[in-house]
Amino acid sequence: MKKSFKIIGSTLVMCFTFIACEMNEPDLVPEMDEIKKANLGMIKSYDNAMVLTWNEALGKVIDNKMPPASEARNYVMVSIAVHDALNNVVPIFETYAMDNSLVEYMDISKKNIKSIADAAVAQAAHDIMVVVAPGSAPGAALLLETSLNSIEDSDFKTRGIEVGKQAALSLLTERQNDPPLRFQTYEQGTLPGEYRSTMPYAAENLPTWPANSAYAPDMGSFRPFGIETGDQFRAIPPYPLDSPEYAADFNEVKEYGSNTSTVRSQEKTDLGVFFIDNISNVMNRVARTMSVSESLDGWETARLLALTHMVQFDAHLSSFEGKYHYNRWRPITAIRLGAIDENDDTTEDPAWIILQAARATPPTPTYPSTHSEMGGAGAELFRLFFKKDDISFTTQSYNLPGVERQYSSFSKLAADIAVSRIYIGYHFRNDVMQGEKMGKELAKYVFANNLKRL
């Protein structure tokens, strides 16, 4: 034992001696400090204009023009490609698909960083956009030409273009086996509480759509972007049908979500319609607003957008895993079939319909609420990113054009998104409460485990 102690002691002395020698190397530490300072100063000098230009172009093409899951996937693909491209120009943050551990960047300076970075961003965004949203190809090609023409020809511009191409290719290769998101024939429930299709389109009008359709019933098994598996944050089981909690939720949405409601105020009606927008584009607008108001540089903006849309897509996927696991009926079915739910505190209304200013009831089970999980995830991600909840901002809606809502915190935005689903008749209160809770947990995990500072 004494001999072992002597060996260990000698080894420690050697280690400390080696460290001391390293630390006493005349210019080593100051030189590394200067390099770090120069890199950070160089990154701070790169604004977010090109990142936001392409993000805005994407939004114009996809916002509210496709199912929410497809929109969320398009956003996350383009945002990650841009983030990976920038971090293969100068590695500041971890990447998703394109390794940046061997990047050479010592010849990049404040004088040329904009040329290489702008070229990388434009090329990466373009190359993903034309794949995930083929209809954007003509406009994306024109924007790419405009973007690249604004950059003076140089070796740095050429390098940036190549980095952008490789970032896009790496991501497309990484996600090449993603299955399509589509409507599928779905087995209809027969027992109280089981989901019946709320597909709003008649098969005879759209014969290519499967009968008794539900949207993406297998989405919960897809590979997420930032979490491990679709069931990682599965909601607790919903209330039993014969419980007083279920009856309270039933009667609330029956009163407040009806098209003929006499208790829903105009303010609540407007709130419901305001947040009919797909939530990935709501959160994208907030992220854009914050990147400007908080004066983020290009690298920070790209990371914010990438993380925002990682949590948006994964929250969508996570909620769908829960939806099809629990297979719970929507309020419109529950209220019309209230006579069979075995709860004495509920009463059926066969003619009940949702607020008609809203779109048709989404063709998916009710529990948990996808909107609420995406809202909770987005708000929590912003809180973590900016290190506080209480930040003032304004947001808009495609469904209520010209109307703005003022917020003093991200959590208030999430709460409004959640409760809005009750006021248009889409969800029970427990659907939205559990969805928002899941989203917050999911965002914490994504933020802690993805795209971290190197």
Side-chain angles (χ1 to χ4, degrees), residues 186-202 211-215 235-276 319 322-373 415-437:
Y186 188 69
E187 184 176 350
Q188 299 299 285
T190 57
L191 299 177
E194 290 184 341
Y195 177 69
R196 278 79 159 164
S197 177
T198 50
M199 184 67 180
Y201 307 106
N212 296 323
S213 287
Y215 184 68
I236 61 175
Y239 295 141
L241 294 185
D242 60 356
S243 68
E245 292 85 0
Y246 172 78
D249 282 4
F250 176 105
N251 289 317
E252 179 185 33
V253 71
K254 184 180 180 182
E255 272 197 287
Y256 283 91
S258 166
N259 188 52
T260 57
S261 174
T262 58
V263 296
R264 182 185 58 238
S265 66
Q266 187 61 49
E267 179 184 358
K268 289 181 171 60
T269 300
D270 291 345
L271 179 67
V273 175
F274 188 93
F275 285 115
I276 292 173
S319 72
K323 283 179 181 295
Y324 290 103
H325 175 78
Y326 292 116
N327 199 40
R328 204 65 180 272
W329 60 14
R330 286 274 182 172
I332 192 168
T333 307
I335 293 168
R336 290 177 178 182
L337 298 180
I340 68 167
D341 65 11
E342 300 176 351
N343 191 314
D344 294 337
D345 294 323
T346 64
T347 305
E348 70 174 346
D349 180 356
W352 190 89
I353 58 173
I354 64 170
L355 176 67
Q356 291 303 283
R359 294 181 296 199
T361 299
T364 59
T366 197
Y367 183 83
S369 161
T370 299
H371 248 54
S372 303
E373 185 164 351
D416 276 2
I417 289 172
V419 76
S420 73
R421 307 305 269 181
I422 300 171
Y423 300 146
I424 56 177
Y426 282 5
H427 282 291
F428 301 104
R429 182 167 290 273
N430 194 43
D431 301 345
V432 304
M433 289 173 53
Q434 295 302 325
E436 185 181 351
K437 178 182 177 181

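Just so you know, these numbers come straight off a predicted model, no measurement behind them.
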Do T333 and T361 have side chains that approach each other closer than 4.5 Å (heavy atoms only, starting at C-beta)?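 When only atoms from C-beta onward are counted, T361 and T333 do not touch, as no gap falls below 4.5 Å.
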
Do Y426 and I354 come within less than 4.5 Å of each other through their side chains, counting heavy atoms only?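 Yes; the side chains approach each other to less than 4.5 Å.
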
[X] side, atom [atom1]; [Y] side, atom [atom2] - distance, nearest 0.5 Å:
X    : Y    : atom1 : atom2 : result
K323 : Y215 : NZ    : OH    : 13.0 Å
N259 : I424 : CG    : CD1   : 12.0 Å
K254 : D349 : NZ    : CG    : 5.5 Å
N327 : E187 : CG    : CD    : 8.5 Å
T366 : Y326 : OG1   : OH    : 14.0 Å
R330 : R196 : CZ    : CZ    : 14.5 Å

Evaluate the side-chain contact (heavy atoms from CB on, under 4.5 Å) criterion for residues N430 and Y367: first the C-alpha distance (whole Å), next the side-chain angles of each, then the deciding distance (0.1 Å), finally the verdict. CA-CA 8 Å; N430 194 43; Y367 183 83; 3.6 Å; yes

Hey, does the side chain of [X] reach the backbone of [Y] with a donor-acceptor pair shorter than 3.5 angstrom?
X    : Y    : result
Y256 : V263 : no
H427 : S372 : no
T346 : A247 : no

Which heavy atom in [X] sits nearest to a heavy atom in [Y], and how many Å separate them?
X    : Y    : answer
A334 : W329 : CB-NE1, 3.2 Å
T370 : S319 : OG1-OG, 2.7 Å
D242 : E342 : CB-O, 3.8 Å
Y423 : K268 : OH-CE, 3.2 Å
G338 : E348 : N-CB, 3.5 Å
A235 : Q434 : CB-CB, 4.3 Å

For side-chain hydrogen bond (donor to acceptor under 3.5 Å, both in side chains), just list the numbers for N251 and E255, CA-CA rounded to whole Å, side-chain angles, deciding distance to a tenth of an Å, and then say yes or no. CA-CA 6 Å; N251 289 317; E255 272 197 287; over 6 Å; no

If you apply the rule side-chain contact (heavy atoms from CB on, under 4.5 Å), what do you find for V273 with L355, and how did you get there? CA-CA 9 Å; V273 175; L355 176 67; 4.1 Å; yes

Compute whether any side-chain donor of one residue and acceptor of the other, for T269 and R264, lie under 3.5 angstrom apart.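 Judged by distance alone, the side chains do pair up.
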
Would you please say whether a donor-acceptor pair under 3.5 Å links the side chains of N212 and S197?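 Side-chain D/A pair, N212 to S197: absent.
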
Step by step, work out the side-chain contact (heavy atoms from CB on, under 4.5 Å) result for W352 and I332. CA-CA 7 Å; W352 190 89; I332 192 168; 4.0 Å; yes

Please confirm whether the ring centroid of F428 lies under 6.0 Å from the ring centroid of Y246.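 Ring-ring flag for F428/Y246: true, centres closer than 6.0 Å.
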
Could you check whether Y186 and Y324 have their ring centres less than 6.0 Å apart?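 That pair passes the under 6.0 Å test.
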
Using side-chain contact (heavy atoms from CB on, under 4.5 Å) as the criterion, point out the one residue from D341, L241, T347 that pairs with F250.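 Running side-chain contact (heavy atoms from CB on, under 4.5 Å) over D341, L241, T347 with F250 returns exactly one hit, D341.
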
Go through the steps to decide whether D431 and R328 satisfy the test side-chain contact (heavy atoms from CB on, under 4.5 Å), and finish with yes or no. CA-CA 10 Å; D431 301 345; R328 204 65 180 272; 5.9 Å; no

Please determine whether the number of non-hydrogen atoms from other residues, nucleotides or ligands lying under 6.0 Å from atom CD of E245 exceeds 12.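 Enclosed: over 12 neighbouring heavy atoms sit under 6.0 Å from CD of E245.
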
